[in-house]
Structures are given as C-alpha cells and as structure tokens.
Amino acid sequence: MTTNNELLNNWVKEVVSLTKPDSIYWCNGSNDEYQSFVEKMLETGDLSKLNSETFPNCYLHRSDQSDVARVEHLTFICSKEKDDSGPNNNWMDPQEAHEKLDNLFERCMEGRTLYVIPYCMGPIDSKLSRCGVEITDSPYVVANMYLMTRMGTPALKRIEDENKFVKGIHSIGDLDPEKRFIMHFPEEETIRSIGSGYGGNALLGKKCHALRIASWQALKENWLAEHMLIVEIENPSNEKFYIAAAFPSACGKTNLAMLIPPEGYEGWKVKTIGDDIAWLNMDENGQIWAINPEAGYFGVVPGTNEEDNENAYKAIQRDAIFTNVGLTDNNEPWWEGRLDGTPSIDWKGNQLEEGNHCAHPNSRFTVSAKNNPQYSELADSPSGVPITAIVFGGRRSELAPLVYEAKDWNHGVLVGASVGSETTAAAAGDIGIVRRDPMAMKPFCGYNFADYFSHWLSFSEQSDNLPKIFHVNWFRKNEEGFIWPGFGENLRVLDWIIKRCQKNVDAKEMPIGFLPNNNDINTSGLNISEETMDELFAINQDQWLKEMDSIEDFFKEYGDRMPSQLFDEHKKVVDSLKEYSSD
Ligand code: SAT
Ligand code: MN
C-alpha cells in the first residue's frame, strides 16, 4: 500500500476482496508510468502504434464493436429517494443496485491487475477542485485518465490531507452489453461502472464524477457543475472576456473552445480554458467564476481538419490516443473529414469497403489540453476565470435563430431549460431526432431536473451581477444545407454577444428574446447575403408556438416539484408570441 490514509486503504481492501485481482498497482501519474502502460498495451494488442514519423507517440485503440458510445438506458442514479433522481434519470433502489453490482463485480478481476488512480478534478491547489479515486482493471482507462485528469501522487497527497474523495469502481467485466451498468450513488459519493471501456462510461472522472455526482454536490453547496466549454476571448483593445457555453455532446464544443479568429478579426485572440465541463462558483460580489475540472480533451475525431479547426488538428498530431478511427495505407489514423491521406482500413480493422464508414462516427481522440496551441494558462488558475456570458445551444435544423439574448436571468433559465437538440452518435440510439436537453445536461444531471431548474433560478435572488444568457444555433438549414458557415466564423456571433455584455450595441426586442439589429452581426468578408441573414433570424410564429407547447408538455412531466417561476416565464413568451406576427 502506498498510502496511510485509512479511508482509502479500507475501501481498496474491500474492492480487492470482492473483485479478486491478481495484483494491485497504485498509479503515480508520471510520464514514465504512462509510457510503461503504453508499452504494455502494445504487447497485448490493446493499442497499436501509428506512423511515428507523422504522428509521433500516437496510438490506435479499437474498442469492442458493441462498446462505442455512452449508454443512457444503462446509466442510473441510485438516490435513496426515487423522486430525487427525477424523470430525467433511470433510478434503482441503492440496496438493490449494490446487490446487483456485487454479483457482477464478484471475482471480475481474477487474472487481472487492479489499478488505483487518485485524481483531482480541477487545479491541484484550487479550493474549487474535488478529488476522486478510480479503481479499474483497464490499462486503457489508466492511460486516458493520465491524459484527461491531474492524477497520481499530487492528487493522492491532497486526498490524504482532505480525507475525502469520490469513490469510483470500474471493470470492463466481460464487455457483455447485457451486464453493462453505470450506476451513481450520490449520497455515498460513489460510482460503480461495469461492462464498458468507452470514455463517458469508464473514465469516471468525467461525466460520472464531474457532472453527475458533482451536480448533486453543487446543489447542496450552492454552485453549478455544467456541461460547458469555457473560452477566453481578447478583443483588439486587450479586453478579456470569458464565455461558458453548453451544447449537447458532438455539437461542436471542442471546436468553439479552440476557435481560430476568421479573416477580418486580426487582433483578436482566443484561448481555451475547457472544452466540455465547467464548475461555476459565485463569489461574495455575486460574480460567477469557472474552472475546468479536466486537464485533457476527449473529442470527436470525424470532421477535424486543418481548415475548419486547425488547433484541434494540430493538437492531435502527437501524443494522442485515437479510439475507433480507421487507418491510411501508411498507418496514419484516418477519419471522415480528414483532407489528405488514403483511407485503407476501417475502424473495425477490416479492409475499407465502399459505402462503409472508415472511422466510427463517434470515434474519439484523447489528448492533454497542453497540446492545444491556444491553451490558456488560466486553465491552471486556482481561482478560475470570471464569466461574462453563458451561452446555450442545440442542433436545430429549423426554428432557432443564429443567436438571441435572454431578457434576464430567469428568462435565461427558461431558455436553457428549453434547449432541444437533434441526437448525435455520442450516445447509443437513433440519430437526428429532436429531444429536450435542458442546459445540455439531460444525460448528466445527477438529480431531478425540477430541483435543478429551481437551483438555477435561485441565483437571481443571490446576485445582481450575473452573466447575461444567450442562445445560439449554428445548425439551421435550408435546401442547400447549413446556412451559417460555423467554425471560426462563430466569433462574429461571440463578438455581438460581447458587445451586448458591454452595452455597446442595441438589440431588437422579440417575443423569444433580444435579437441583433440588421447589420449588427459583422458579416464583412463573408459571402452571405442579407436575405440569407434574414433566413437565419426568421422567427416563425406557428413553429414557435408549437415549440412552446412541447416545452410546456416536457415541463409538466416534472409535476409539482417544478418551480412555478419557470411556467411564469414560459407564459410571458407564449403571450407575447401570440401578439406577434411574422409579417
Ligand atoms: O460521454 S463522453 O465524455 O464520452 C463524450 C460525450 O458524450 O460528451
Ligand atoms: Mn460532453
């Protein structure tokens, strides 16, 4: 044992006696250790080495073919009271869940090594950070946790000082989808996951800890754990702004966080604080500060290229683990959207056949945040960064305009709570169906959404210094496809958002919120006509009234626990939509 901490030792002993591993290894988090894990996996075939001239220190992992995404139907919140988990979660009685899992975990590590990974979500020296320990039998998980979190000796030291940590037990089991479960016990601050090696199911620091368990803790302790990127934007006057933005999985959070200013925006600088998760805390002046609890990116590979998102592309040229991509004829990773290279082998390891995907649509890269050319040093700042604006968004081919601003915080909570998005490959299930995904937290809120909305609303009573709230939609379509060019051009929209926060520009008051006045979105240098901009901002009264009906139906699923303020906000929008005519 490498710790004197009794709590940790006793827990590890307990897990050992249940799972019966052949050996136990405590991770120290060093680079040598990472390399030794890589070597081990190269031997077992868990990893293969990619072209070391063009992709130095990069590896390919092929997962089991049934294990390529999160599995929401097998993910449970096992709170003592069913209602605390809410209609937004699957629930199981904690005792029943533990019994079920004890059976599945029994002897599951026979013949394997049990790895103990102490980790810290957030900068090691930040009081906003929280620690956890993940026990796993997967070397792939250890290697990914090395890239994604601050793990090893410094985290263990903090755990010993605090005598407190979130407990995560993971085993790949026998990868049988019938015996796959991702269970959370919020009152025990415990996570138990078996049967999957996929990121969100197995890297327990990420969605399981930093969102599901942390959101529960945040409710009790008056902060917020959110599915948000954090981006730093400096304008030519050297003023800095920090924007936190929530979009569902695979809707471009990583790209927005790593945005490259387009032509005409010389003098602007963009840096990344985080690409997936933000922990938001209010200070004594009512200002919200955010930290990124993670230290690396687990990003969608397809679509990554040097034209659309050069930073992401550069970040994965070295020291990256690729999961479920294809291969070129010269052993480079290949994916749909790569601009060069000849695809040859698909993600399953077979000769690529016409009509098949080369990379899996949810293939991922894992890479340290420090590989990002625009990495912000402030990602390591213990106090975090002060948030200027909060942005919500979804993937909507119709309805939602390019951008609008909520009228105030409570209306902004309605806007966030109403987010709808077309489903993507990040979760198992049908793709392209609109579903409600409040604050992009549907798969990740560890408690009842009704309580979550109340918690969000409570901030307006505590501060009059809160960020402004906006909604964006990069994905509106016409007959020709996506109307807005997206990627770096999205800075044009953030530019307007910042001007609104600085009170530098007026806006049109519409039933759904404030919309930019004509020509206030800078489109100079963009090949986009005024008519097309009008299309991007068109508000269709009928469609919006239907949308508001569907939002109300969704809210009603949450019954009496729902805060009445949210219905008041909803009614205000509906009343004003009824008065509004599109022509
Ligand atoms: O859940 S993951 O973190 O693996 C990916 C995602 O859906 O955001
Ligand atoms: Mn995510």
Side-chain angles (χ1 to χ4, degrees), residues 61 63-64 67-75 119 121 134 136 138 140-141 143-145 147-149 168 170 172 180 182 184 191 193 195-215 225-231 244-258 272-279 292-304 312 321-325 359-367 369 391-395 419 421-429 431 435 437-446:
H61 172 75
S63 78
D64 187 271
D67 187 30
V68 292
R70 278 182 291 100
V71 280
E72 291 174 17
H73 61 296
L74 304 174
T75 301
Y119 64 85
M121 299 312 286
E134 174 164 359
T136 181
S138 160
Y140 169 79
V141 166
N144 278 273
M145 287 292 281
L147 296 172
M148 294 295 301
T149 67
H170 168 256
I172 50 172
R180 182 174 293 164
I182 295 90
H184 306 71
I191 305 151
S193 163
S196 167
Y198 172 76
N201 302 330
L203 312 178
L204 301 186
K206 197 173 177 58
K207 309 297 189 182
C208 301
H209 177 166
L211 288 176
R212 297 195 191 98
I213 296 288
S215 62
E226 296 299 323
H227 192 207
M228 289 177 176
L229 66 94
I230 311 164
V231 66
F247 307 125
S249 301
C251 287
K253 283 201 301 299
T254 306
N255 288 335
L256 190 66
M258 297 168 96
T272 316
I273 309 284
D275 82 324
D276 195 38
I277 301 179
W279 285 356
N292 168 17
E294 300 189 280
Y297 312 130
F298 184 66
V300 177
V301 189
T304 307
I321 297 177
F322 290 86
T323 301
N324 293 337
V325 295
H360 187 277
N362 194 37
S363 52
R364 296 274 169 166
F365 58 77
T366 321
V367 79
V391 178
F392 295 115
R395 186 181 279 270
V419 166
S421 192
E422 289 150 24
T423 49
T424 67
I431 293 173
R435 74 158 178 183
D437 193 351
M439 283 80 171
M441 284 286 278
K442 168 71 185 68
F444 308 121
C445 183

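Indexing begins at 1, ligand by ligand and atom by atom, following the structure's order.
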inquiry  = So, using side chain to side chain donor-acceptor pair (under 3.5 Å) as the criterion, who are the partners of Thr254 when residues are at least two apart?
reply    = Asp275

inquiry  = So, using side chain to side chain donor-acceptor pair (under 3.5 Å) as the criterion, who are the partners of Glu226 when residues are at least two apart?
reply    = Tyr452, Trp456

message = For Arg435 and Glu72: C-alpha separation, side-chain torsions, deciding distance, then whether salt bridge (Lys or Arg N to Asp or Glu O under 4.0 Å) applies.
response = CA-CA 14 Å; Arg435 74 158 178 183; Glu72 291 174 17; 2.9 Å; yes

key: Side chain Thr424, main chain Ser249, donor-acceptor under 3.5 Å   = yes

message = Under a 3.5 Å threshold, yes or no: a donor from one side chain and an acceptor from the other, between Asp437 and Ser421?
response = no

request  = Report yes or no: do Asn201 and Ser193 form a side-chain donor-acceptor pair below 3.5 Å?
outcome  = no

request  = Report yes or no: does Asn292 contribute a side-chain atom to a donor-acceptor pair with the main-chain N or O of Ile230 at less than 3.5 Å?
outcome  = no

query = Are there any protein N/O/S atoms under 2.8 Å from the Mn ion (ligand 2), and if so, which?
reply = Lys207 NZ, His227 NE2, Asp276 OD1

ask   = List by chain and number: which residues place a heavy atom under 4.0 Å from ligand 1?
value = Arg70, Tyr198, Gly199, Gly200, Lys206, Lys207, Ser249, Phe298, Arg364, Ala426

request  = Using only heavy-atom distances, determine whether the side chains of Arg212 and Thr75 contain a donor-acceptor pair under 3.5 Å.
outcome  = no

Aromatic plane relationship, His209 with Trp279 - under 30° parallel, 30 to 60° tilted, over 60° perpendicular = tilted

